[in-house]
Asker: 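Structure incoming, see below.
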Amino acid sequence: MRYRALGRTGWQVSEVSFGAWAIGGAWGEVSDDESMAALHRAVDCGVNFIDTADVYGDGRSERLIARLKRERREQILVATKAGRRLSPHTADGYNARNLAAFIEDSLRNLAADCLDLVQLHCPPTDVYYRPEVFGALDDLAQAGKIRYYGVSVERVEEALKAIEFPNVQTVQIIFNCFRQRPAELFFREARRRQAGILARVPLASGLLSGKLTRDSKFAAGDHRNFNRRGEAFDVGETFSGVDYEVALEAVEEIRRLLPAGVAMAPFALRWILMEQAVSCVIPGAKRPAQVVENCAAADLPPLAAETMAAIRGIYDAKIRPLVHQLW
Ligand SMILES: NC(=O)c1ccc[n+]([C@@H]2O[C@H](COP(=O)([O-])OP(=O)(O)OC[C@H]3O[C@@H](n4cnc5c(N)ncnc54)[C@H](OP(=O)(O)O)[C@@H]3O)[C@@H](O)[C@H]2O)c1
């Protein structure tokens, strides 16, 4: 495993970290035993940073991570999220009282006295125009409830606005072979301000592992079934918002670029890690074997310039018209 600085936090986090959404819920049935095995394997591979949220399985993901921390001696940093318990999910809901209550829930679930990193969970855009929200987070940090805070965003413009607040340490954003716009302006600004970046949905919900086909079936409780058109939450969170059939064609073109003996998942993660602005990728994984394959990305050499250009070409031809200006 290799490690990178997470913005100004002073932490060195594993380049390949762990996304803990799937082990909580919304990805069909998962067994806690298998999820625990996946988490342990991640730590065995050198992963020291886990991304979760209070709403992943209504605390289930956070509670599994608390169990992992009890069972391991290594330092494990946890980034959780707050805000998605709001119903309706409005900017007004991001107030000091609600945030304090969400943080108490996460402290309980994670069996912690202080949260390492709390991210606003894709709040409405208007939240970034309310400095009092960030003031409330400063107060929670002052009170010793949270160590650092950051944001998880849908749009590049939200990311640019968020990092104007001086104590926003991290931005989580979708960035992968099928979602390249963050690299244009945002990464430059983030580097200038030394903001950490968590690249989420790095495998485009499994598409960029190369295993999915036209005939793949997803369980009723898997968002790849129930959120294909954004019925439950932002459509960009499912397959990066790319049309499934078009994405499969692009995956076949990427497959031709794989060096001998390299699987597509670590290759796709290595593509993301070519960006120095990125602190870590946070692939979701439900099984130990997936963790091992994803962590192999940290052992791959840099991708060749021709390979990078070829992926850019595939994006420009097939994917860009579908997603580039949407987020
Ligand atoms: N709004 C937000 O803040 C937000 C939204 C989305 C995600 N996130 C965070 O980002 C993390 C990553 O995104 P994601 O989980 O949505 O998508 P992802 O990482 O692109 O895809 C994860 C899924 O791909 C499959 N997979 C993983 N490794 C594989 C491998 N080596 N080979 C084959 N299949 C593999 C697994 O599903 P199957 O085995 O079932 O195919 C896994 O659940 C999440 O876990 C979460 O922590 C945050």
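Computed over heavy atoms, backbone and side chain alike; hydrogens, waters and symmetry mates excluded. Numbering of ligands and ligand atoms starts at 1, following listing order. Heads up: numbering here begins at 1 and tracks the sequence.
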Asker: How does Glu29 reach ligand 1, if at all, at less than 4.0 Å between non-hydrogen atoms: by side chain, backbone, both, or neither?
Answerer: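 For Glu29, no heavy atom sits under 4.0 Å from ligand 1.
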Asker: For ligand 1, which is the ligand I care about here, please tell me if Arg224 has any N or O atom under 3.5 Å from one of the ligand's N or O atoms.
Answerer: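 Yes: some nitrogen or oxygen of Arg224 is under 3.5 Å from one in ligand 1.
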Asker: Would one find an N or O of Asp222, backbone or side chain, under 3.5 Å from an N or O of ligand 1?
Answerer: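 No, there is no polar N/O contact under 3.5 Å.
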Asker: Val201 to ligand 1: N or O pair under 3.5 Å?
Answerer: yes
Asker: Go through Val78 and Lys69 one step at a time and tell me if the side-chain contact (heavy atoms from CB on, under 4.5 Å) criterion holds.
Answerer: CA-CA 10 Å; Val78 182; Lys69 291 192 68 165; 4.1 Å; yes
Asker: To the nearest 0.1 Å, how far is atom 20 (O) of ligand 1 from its closest protein heavy atom, and which atom is that?
Answerer: Leu203 N, 2.8 Å
Asker: Below 4.0 angstrom, N of the basic side chain to O of the carboxylate: do Arg200 and Asp51 qualify?
Answerer: no
Asker: Classify the side-chain pair Asp116/Trp11 by whether it contains a donor and acceptor separated by less than 3.5 Å.
Answerer: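 Side chains of Asp116 and Trp11: no pair found under 3.5 Å.
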Asker: Please step through ring pair (Phe, Tyr, Trp, His ring centres under 6.0 Å) for the pair Phe239 and His223, ending with a clear verdict.
Answerer: CA-CA 10 Å; Phe239 300 130; His223 71 101; 7.3 Å; no
Asker: Check whether more than 12 heavy atoms from other residues, nucleotides or ligands sit under 6.0 Å from atom CD of Glu245, and answer yes or no.
Answerer: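 Yes - once you tally the heavy atoms of other residues, nucleotides and ligands closer than 6.0 Å, there are more than 12.
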Asker: Please could you name the atoms of ligand 1 that His121 approaches to less than 4.0 Å, counting only its heavy atoms?
Answerer: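 Here the atoms of ligand 1 in question are 1 (N), 2 (C), 3 (O).
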Asker: Please state which protein non-hydrogen atom is closest to atom 44 (C) of ligand 1 and give its distance, to 0.1 Å?
Answerer: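 Answer, as residue, atom name and distance: Trp21 CB, 3.6 Å.
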Asker: Could you check atom 19 (O) of ligand 1 against the protein and tell me its nearest heavy-atom contact, residue, atom and distance included?
Answerer: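 Looking at atom 19 (O) of ligand 1, the protein heavy atom closest to it is Gly284 N, 2.8 Å.
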Asker: Got a salt bridge between Arg255 and Glu252, using NZ or NE/NH1/NH2 to carboxylate O under 4.0 Å?
Answerer: yes
Asker: Considering only heavy atoms, which of Ala20, Ser205, Ser209 lies nearest to atom 21 (O) of ligand 1?
Answerer: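 Selected option, by shortest heavy-atom distance: Ser205.
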Asker: Can you find an N/O atom of Thr52 closer than 3.5 Å to an N/O atom of ligand 1?
Answerer: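 Such a contact does not occur with ligand 1.
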Asker: I'd like to know if Arg72 and Asp44 make a salt bridge, using a cut-off of under 4.0 Å between side-chain N and carboxylate O.
Answerer: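 Salt bridge present between Arg72 and Asp44.
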Asker: Please state which protein non-hydrogen atom is closest to atom 24 (O) of ligand 1 and give its distance, to 0.1 Å?
Answerer: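 Ranked first by proximity to atom 24 (O) of ligand 1 is Gly206 CA, 3.4 Å.
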Asker: When you compare ligand 1 with Pro283, is there at least one nitrogen or oxygen pair between them that comes in under 3.5 angstrom?
Answerer: no
Asker: Check the side chains of Gln119 and Thr170 for a donor-acceptor pair under 3.5 angstrom, ignoring hydrogens and angles.
Answerer: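 No, because no side-chain N or O of Thr170 sits under 3.5 Å from a partner of the opposite role on Gln119.
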Asker: Any nitrogen or oxygen of Cys122 lying under 3.5 Å from a nitrogen or oxygen in ligand 1? Just yes or no.
Answerer: no
Asker: Tell me which one of Leu303, Val262, Val16 satisfies side chain to side chain contact (heavy atoms under 4.5 Å, CB included) with Arg270.
Answerer: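 Filter result, single survivor: Leu303.
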Asker: Name the closest protein heavy atom to atom 47 (O) of ligand 1, giving the residue it belongs to and the distance to 0.1 Å.
Answerer: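 Of every protein heavy atom, Asp51 OD2, 2.6 Å lies nearest to atom 47 (O) of ligand 1.
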Asker: Is the closest side-chain donor-acceptor distance between Lys81 and Tyr56 under 3.5 Å?
Answerer: yes
Asker: Would you mind telling me if ligand 1 is within reach of the side chain of Ala289, the backbone, both or neither, using heavy atoms under 4.0 Å?
Answerer: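 It is neither; nothing of Ala289 touches ligand 1.
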Asker: Counting from 1, what ligand 1 atoms have a heavy atom of Ala22 closer than 4.0 Å?
Answerer: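 Selected atoms, number and element: 43 (O).
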Asker: Go through the steps for Arg192 and Glu189 under the test salt bridge (charged side-chain N to carboxylate O under 4.0 Å, His left out), then give the verdict.
Answerer: CA-CA 5 Å; Arg192 193 170 69 78; Glu189 279 300 293; 2.8 Å; yes
Asker: Can you see whether Ser14 engages Asn48 through a side-chain donor-acceptor pair at a distance of less than 3.5 angstrom?
Answerer: yes
Asker: I would like to know whether Tyr149 and Leu120 meet side-chain contact (heavy atoms from CB on, under 4.5 Å); could you show each step before the answer?
Answerer: CA-CA 8 Å; Tyr149 64 81; Leu120 298 182; over 6 Å; no
Asker: Is there a polar contact between ligand 1 and Glu293, counting only N or O atoms under 3.5 Å apart?
Answerer: yes
Asker: What I want to know is whether Ala204 and ligand 1 share at least one N or O pair that is separated by under 3.5 angstrom.
Answerer: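 In this structure, Ala204 places an N or O atom under 3.5 Å from an N or O of ligand 1.
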Asker: Using a 3.5 Å cut-off on N or O atoms only, is Ala265 in polar contact with ligand 1?
Answerer: no
Asker: With a cut-off of 6.0 Å (strictly less than), are more than 12 heavy atoms of other residues, nucleotides or ligands near CZ of Arg155?
Answerer: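 Not more than 12 within 6.0 Å, no.
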Asker: Between the candidates Glu154, Lys211, Met264, Arg84, which shows the shortest non-hydrogen contact distance to atom 38 (P) of ligand 1?
Answerer: Lys211
Asker: What atoms of ligand 1 come closer than 4.0 angstrom to any heavy atom of Lys81?
Answerer: 3 (O), 48 (C)
Asker: Say whether Tyr56 and ligand 1 are in contact under the criterion: heavy-atom distance to a ligand atom below 4.0 Å.
Answerer: yes
Asker: Of all the non-hydrogen atoms in the protein, which one sits nearest to atom 11 (C) of ligand 1, and at what distance?
Answerer: Ile282 O, 3.1 Å
Asker: In the protein, what heavy atom is nearest to atom 3 (O) of ligand 1, and what distance, to one decimal place, separates them?
Answerer: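 Here the nearest protein heavy atom works out to Ser152 OG, 2.7 Å.
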Asker: Walk me through whether Tyr315 and Val323 qualify under side-chain contact (heavy atoms from CB on, under 4.5 Å).
Answerer: CA-CA 10 Å; Tyr315 176 79; Val323 300; 4.0 Å; yes
Asker: For atom 6 (C) of ligand 1, find the nearest protein heavy atom and state the residue, atom name and distance (0.1 Å precision).
Answerer: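 Protein heavy atom at minimum distance: Glu237 OE1, 3.3 Å.
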Asker: Using heavy atoms and a threshold below 4.0 Å, how should the contact between Gln290 and ligand 1 be classified: side chain, backbone, both, or neither?
Answerer: both
Asker: Can you sort out the partners of Asp32 under salt bridge (Lys or Arg N to Asp or Glu O under 4.0 Å), two or more places apart, ordered by chain and number?
Answerer: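 Checked Asp32 against salt bridge (Lys or Arg N to Asp or Glu O under 4.0 Å); matches are Arg60.
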Asker: Should the proximity of Gln119 to ligand 1, defined as any heavy atom under 4.0 Å, be assigned to the side chain, the backbone, both, or neither?
Answerer: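 Neither; nothing of Gln119 gets under 4.0 Å from ligand 1.
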